Visitor: 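The structure is given below, and queries will be raised subsequently.
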Amino acid sequence: MAEIVLSPTSAFAGIPRGRSGQTDGPPGVIASERTDLAMATIIARKGQSAALRDTVREIYGLKLPIRPTWVGNDELAFLWSGPDQWLALATGTIGPLSPLRERVGVRAFASFEDAASETTASKALTPPFPTRGRGSPAGGFVDIETELRESIGAFAAISAQGDGRAVLRLSGPNVHDTLAKGLPIDLHESAFKPGDVAITQIAHIGVTIRQIDSSPTYEIILARSLSLSFWSWLVASSGEFGLDFT
Amino acid sequence: MRIPCPSCGERGHEEFAYLGDASLVRPDPTAPDAEARFADYVYLRDNPAGALRELWYHAAGCHAWLVVTRDTRTHEISGVEPAKAAALRRQEAG
Ligand SMILES: [Zn+2]
């Protein structure tokens, strides 16, 4: 039997790069795919939300948001994802067991037990939890799932999402005009700012949108199985302005 | 109709799934009159003209269950709270 080799493929790999829609002048919308992200969901265990937030602040120096916002930077970010839920995004190509905590300059817990005993939470759950997992489809990425299970697994359920989600970055002078054709929330700067997050839908496709900067630049996170449906909507909606896929 | 989600802000009702009356409590299946109580619980509903506390699920948003107080005549919404908060309150009240 022939050996089957499965190689990682990004969600938008089959889409040709370049210009679509209106071709005169500069593009109204610029899209690019984020293929460098490892992702995992974090869901606080019952009664452990405060201990989880304390521990994340201690280990990563970041406050898990309790409103629809995101914190962090390109290396590690936490997006609000519902009450007591977050989505972690991380970049890096540093192998399966990440020294992420060392790189962000804070001390690491050696085990679940250490993490649990060093916080005030008395009811922290104890192992065993599975401690291996893939954080991203491409392998060789930072293993965010294992990283988070080791650092905060006592307080939260962690599930890798890198295989299941696609991320598009959108910018350009007509990005608002385009998104307004499908996104039911107000992106005016008085209503939605850099650092804000919303979970909603575009053309019946569930999306998480976060604003990166005030230019404005946005990221759309969606189920990768719907990425081509989303792309079809984006091409149609940005057509009058011209779309550049870089 | 727009529903002010306590987590997400005001959103169109198309983002939500409707369940119904939030006051229903599952009967004790071991009670002697359990069958009659379950028939009531499963099938019989009041149909008030006015304020009704009802369960909505923010399916396309934060995935939280909410208790929405809605006037069935006007769709005016006078209150929204997480269903979890309402359930905890009921638990504490016994
Ligand atoms: Zn919501």
Side-chain angles (χ1 to χ4, degrees), chain A residues 41-50 64-70 78-87 157 159 161 165 179-188 190-193 195-211 220-223 226 229-230 233, chain B residues 1-26 28-29 52-72 74-94:
Chain A
T41 48
I42 301 166
I43 301 180
R45 298 185 190 280
K46 196 174 180 182
Q48 300 295 327
S49 187
L64 285 177
I66 53 171
R67 291 192 55 258
T69 55
W70 64 273
F78 295 106
L79 282 64
W80 180 89
S81 192
D84 288 341
Q85 299 177 44
W86 296 269
L87 180 65
S159 313
Q161 300 294 333
R165 311 258 179 126
L179 287 172
K181 295 180 185 182
L183 190 75
I185 63 164
D186 187 0
L187 291 183
H188 186 273
S190 64
F192 203 81
K193 299 178 174 64
D196 280 348
V197 167
I199 310 170
T200 182
Q201 50 192 0
I202 294 177
H204 303 283
I205 297 167
V207 297
T208 297
I209 179 168
R210 68 164 175 155
Q211 186 165 347
I220 309 278
I221 305 168
L222 68 153
L226 294 170
S229 297
F230 183 83
W233 172 85
Chain B
M1 192 172 86
R2 291 174 69 75
I3 298 175
C5 173
S7 293
C8 304
E10 196 180 272
R11 298 289 178 86
H13 71 88
E14 65 279 2
E15 287 196 6
F16 298 81
Y18 180 72
L19 184 67
D21 191 344
S23 68
L24 297 175
V25 178
R26 187 179 168 82
D28 175 5
L52 177 65
R53 280 167 59 81
E54 51 194 20
L55 284 163
W56 290 79
Y57 175 60
H58 198 180
C62 63
H63 305 118
W65 281 97
L66 307 174
V67 175
V68 177
T69 306
R70 176 181 65 98
D71 190 311
T72 58
T74 61
H75 294 319
E76 188 190 344
I77 290 172
S78 57
V80 181
E81 64 173 331
K84 189 175 175 182
L88 286 173
R89 210 172 48 237
R90 192 154 66 191
Q91 217 169 50
E92 279 164 19

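Residue numbers begin at 1 in each chain, while the letters A, B, ... track the order of the sequences. Computed over heavy atoms, backbone and side chain alike; hydrogens, waters and symmetry mates excluded. Every value quoted in this text rests on a predicted model; they were computed, and no experiment measured them.
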Visitor: Checking heavy atoms, do the side chain of A:Ile66, its backbone, both or neither come under 4.5 Å from chain B?
Guide: neither
Visitor: Is B:Ala60 in contact with chain A via its backbone, its side chain, both, or neither, using a 4.5 Å heavy-atom distance?
Guide: both
Visitor: Check chain B against chain A and list any donor-acceptor pairs under 3.5 Å.
Guide:
unit_1	atom_1	unit_2	atom_2	d
B:Arg11	NH1	A:Ile199	O	2.7
B:Glu15	OE2	A:Thr200	OG1	2.5

Visitor: I'd like to check A:Pro83 versus B:Pro82 (side-chain heavy atoms, cut-off strictly below 4.5 Å). Are they in contact?
Guide: no
